[in-house]
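A short write-up of the structure that comes next.
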Amino acid sequence: MVKVAIWGSLRGATDGKAEVEVEAGNFKQLLDQLAINYPGLKPQIKRGVSLALDGKIYRDDWFVKINEDSEVVLMPYMVGG
Amino acid sequence: MKNIHVSTTINGDPTEFICAPDESLLDVLRDRLRLTGSKEGCGSGDCGACSVMVDGRLVCSCLVLGAEAEGVEVETIEGMADGDDLHPLQKHFINGAALQCGVCTPGILVAAKALLKKNPNPTDTEVRYWLAGNLCRCTGYDKIIKAVQAAAAEMRGA
Amino acid sequence: MRYVKAENAADAVQLLQDETGIARVLAGGTDVLVQLKAGMLEPDLLVDIKNIEGIKDIVAEDGGYRIGAAVSGAELGEHAGVVALWPGVVEGFELIGSTQVQGRATMTGNLCNGSPAADSVPGLIAANAVVRIAGPDGTRDCAVIDIPVSPGKISLGQGEFITSIFLPKRPERASDAYLRFIPRTEMDIAVAAAGVSLELDADGTCTAARVSLGAVAPTVLLVEGAANAIIGTKLDAAALAALSAACSAVCNPIDDKRGTIEFRTEIAGVLAKRAALIAYKRAGGQS
Amino acid sequence: MALDEHKKRIFKLIGTRPPRPDGVDKVTGRAMYGADATAPGMLTGRILRSPHAHARIKSIDTSAAEALNGVKAVVTSADFGLPEDESVRDVQDNCMAREKVLYDGHAVAAVAAINVSVAKQALKLIKVEYEILAHVTDVDAAMQADAPVVLAGRAMDDLPKGMSENVTHHFEFGHGDMEAGFAKADKIIERSFKTAATHQGYIEPHACLATMGSDGKGELWVCTQGQYYVRELCADIMDMDTSQLRVTASEIGGGFGGKTTVFIEPVALALSRKSGRPVKLVMNREEVFRASGPTASSSTDVKIGMTKDGRITAAHATFRYQGGAFPSGTVQFGAQSSFAAYDLDAVQTIGWNTMTNRPKEAAYRAPGAPMAIYAVESVVDELCQELGLDPLETRLRNAAHKGTKSSYGPTFDDIGLEATLEAAKLHPHYTAPLGPNQGRGLSCGFWFNFGGNTCVALSLNFDGTVGITEGNPDIGGSRASISMMAAEELGIAYEKVRTIVADTNSLGHNDVTDGSRVTFAVGLATIKAARDAIKKMCSRAAKIWDIDEDAVYWEDGFAKPSGPNAGSFEPMSIEEIAATSPNTGGPIVGHHEVNAEGAGVSFGVHLVDVEVDPETGATTILRYTVFQDAGKAVHPDYVEGQMQGGAVQGIGWALNEEYIYGEDGRLQNPGLLDYRIPVASDLPNIDTVILEIPNPGHPYGVRGVGETPIVPPLAAISNAVSRSIGLRMSALPMSPPKILKALKSKG
């Protein structure tokens, strides 16, 4: 299981939990599992999310590998100027 | 509006064109003569991207009518290098990274050349005030001022 | 729109008089062409006066100078005589716009634009300058202060245009100065402005003064009370405070994107005080 | 791709300052920008714009304009379809109003005519009947329940009671026990701040030249930060396959985020399709201000607690941003970045984004971060003043470092904040004496930086020179830095490489030039493409030598046998390999395609001295120093240029730049006369100190540098002014009337 930190305004969809656990080995599995376990997260996942994995931000890469002890933080999709 | 026929000199070349009475010299240069080095950033004399020399005076070509060019001498950025031989200001702008996007650069070069003709040894403050009408949004002006000074030093033979 | 180059003053008067639509005089074009481009002005006729003989000349006259209506800022600034006699007038005019704008802009044009914030006007009014006007009935002279009527409006009649501005002679130990406030160091329109002209006697006491304010009322103001506050003084702190107060007291500005009523009123007094000190020093006074 | 093992690599070219390849074009006027192109039979396009802040369009009568001699096409929203994707529909509706105009300057119709005079005349003949609606332009007013609704049906899910439907986004970040944190504080300061909307202020207005044939194929020449994104948006809006629309990026006269979307391009394409002629459409400056995308304006409440010895115990902030007439979630970046510089046990940030009757915001350099960090850094500075603490020491005391759980969630890897603060502390600027009416301010700044989708092709020419094809417009010298990285990797001279920017059909997709991504991501792809080419060149040499491919390695522009066992061969130069490539298997091209991840975050510290005229409230910038971690500065001149340029944009934001709206909801200063960007005489030299703390996510250690420098100036200058006048300023811009009013209130 991977622990995923959920940002504050999404916690309505995770029963108020700041951190949830899902079974996932990569970014895609993580998103799929989150959508199944917490359907309330679906709209945001559709709008776009980034993944901070051990401090590094990934925007799109489905197959970036996630380890059990990885620090995983879900973040809104990032853009720049 | 009946078009006006104008005979003028641009970068030393005798040039004729026709233009509408309300057409700016900038539009004539860009649209009729294809001298697109002069840019329009504002059309109101606030940005200096269209700077050219008319009879030895630095002006904004957006604030001159094409019709007023009759019988005058116009110098634009296209006339600044002597063939392949860049003007010292042009060289120092490249070597000193005094441009980023480069769209204000032609106007600044024309204006800086006019300054150095009038004042070959300006202070930084004098350069900054002379160029106050040439907006640059990329560089923060720092490297522009330094490049003008480097060119001035070279031109003075220092 | 027609563009016509007038051959002489009579020609220009005729053209302006005959035009039934909107006619404008073109000298430097730094106001007219901006308005044209922005669609604020749609003239039927532009009369270019730059070909009229003498209109680009600066001529010494009766100890003062007559400045042609088409003399640019750059040309005026290069004229040592005018700069020495009326430095405040020249510096006011030279503050307008960029180096590029100075290559074209004329003092007459700045006056005829009718803006209360016109930088050359407070200096001209403080200098008691007089314009010469060509018109259908010949030429006439008029004090600069009587030209602006309201924002954008001037007192010239149909067919009239200004051919020159006359800056009078002045005694020894006299000078002038102009200061404006703008948010940046260049390129802005004055938020408030002050022109001060004064004359001193041998011991540095001010014997005559004219104080003028820009951008604080519908037209540029001549503030007699401010002048009286420094006449008879050596511009000591009390006199300067009185000058400031007199200036702020007559302000009747507007709130707009460039400044607030409160700010303009306050600043006008500060600028007048500072300009007076510069003029005083230029005239040879020591404070 | 990770940082190369050989961390101590001695670079030959990286870190030098060669002349940029496009330099001559740009100093001679030859470079072709958006408005510089022409096409045979080209028409001039012009757009009619709304004079109202908010109105229903009751009718548009274009018949008189269409009848005018010389008018070839008139388009309105009726000439566009209804894209399925809501975000694309928003973009289209921003380009051409449908049903309602949402802000002063919103496009309602456009014409294409044989020249500009006819086009202008035609616009006057278009009759639009409006029903004027109530409008709202202020961020706080727009969030009130009774505010006029800009766009119905777009409110966020679970909209809290008492909030307007205009509120479209809500974010919360943070960790720790806030109550316990504040309980530990010796001093708590709470303060509210406001910042005005500012514009990127690029000197080149938006411009494009569109050609749509009756064969359904389109060509678009446009000044943009991202030709691929323009293609996708325009193809969606024009309902065509992306393959049929080729977009070529012109040279670009500045963007800063403002040219990351479309405003006029679909309109030009529609005019061209309708007229059957090429159409050039160029915004004038007034249109740029009224109808392109400025940044958000903001309203913020910050509360921070600190111990007597300068440790932050808890930090809280609520951010409210307005992003104009369509939904926009920029506040996210404010809420995430606001406390990034601090190592905090208890932190919470809340962000709200609302619509208003203003032009839809576009990205502007570190979008959302400057105004958030301004508020936070102001309160930190005030706490230092109140507690008698040194502001630099206090920041060092609380600085985020490797292992810090950031305020937005992730734990930081190697970051350069502490090193940057230390550099500022040791710099003579920090201890230089100050005169009367002078003050010194400092602020930290932060930006995430991104990578993104990137393709690079590296072609070996038969003479051994190299052509690089990349897909990101060169805004500030990237052709130079990319050429340098290719030459470094190949071990050849910089002059032997030429880099060009591809059109959309000449190379695979590249993300927009944004997020400080180009030197990082395109550089990374270039290095990989060079390594791909090297592999191929080694294999050709191996073929010639008839040895195993693995027995050949590459060094300084030569293939070499890897040791005595491989055989004894003279090293083979890149020229020889290139010349013989037709005989050894054909042309050699290295390429790399990647969605680059691993961009390292970037921190900066700015130090500024100001003097405030106590009688007028005017602020003069006396001295300015920028300290920033660049990871590895590929071309230091252009790194410094980013630092200087960003600082000066921030100076403008702090002191004079603002969108000023009247009671009527119309923009009052849509020009460069009254939208006051800094001029040369306003500024001192901007000194720079580059730090190089390598980014572990890039082979050379490169970090993006473009965005961070606009973040610190707002607070640095506000702190300097506040210290100078002995009064805390809390609204931007700090124009002279505001400062003088504050001084007067102090008495």
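Note that the structure is a prediction, hence the values are computed from the model and not measured. All values below were derived from every heavy atom in this structure, side-chain atoms included, with hydrogens, water molecules and symmetry-related copies excluded. Order of the sequence lines fixes the chain letters, A, B, ..., with proteins taken first and strands second; residue numbering starts at 1 for each chain.
- The shortest side-chain heavy-atom distance between C/D48 and B/L65 does not fall under the 4.5 Å cut-off.
- Residue B/V110: no heavy atom, backbone or side chain, is found under 4.5 Å from chain C.
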For this session: I would like to know whether B/E68 and C/K50 meet salt bridge (charged side-chain N to carboxylate O under 4.0 Å, His left out); could you show each step before the answer?
Result: CA-CA 10 Å; B/E68 291 181 86; C/K50 290 191 288 293; 2.4 Å; yes
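- The line from CD of C/Q100 to SG of B/C50 is 7.5 Å long, rounded to the nearest 0.5 Å.
- Side-chain atoms of B/S44 do not come within 3.5 Å of backbone N or O of C/V34 as any donor-acceptor pair.
- A distance of 14.0 Å separates CZ of C/R2 from CG of B/D22, quoted to the nearest 0.5 Å.
- For the atom pair B/S24 OG and C/K37 NZ, the distance stands at 4.5 Å (nearest 0.5 Å).
- Per-residue counts of heavy-atom pairs under 4.5 Å with chain B were compared for C/A74, C/S98, C/P43; the largest is that of C/A74.
- Comparing C/K5, C/E186, C/M1 by how many heavy-atom pairs each has under 4.5 Å with chain B, the most go to C/M1.
- B/Y129 contributes atom OH, which lies 12.0 Å from atom OG1 of C/T99 (distance to the nearest 0.5 angstrom).
- Looking at C/E78, only its side chain comes within 4.5 Å of chain B, counting heavy atoms on both sides.
- With a threshold of 4.5 angstrom between heavy atoms, C/Q102 does not approach chain B through any atom at all.
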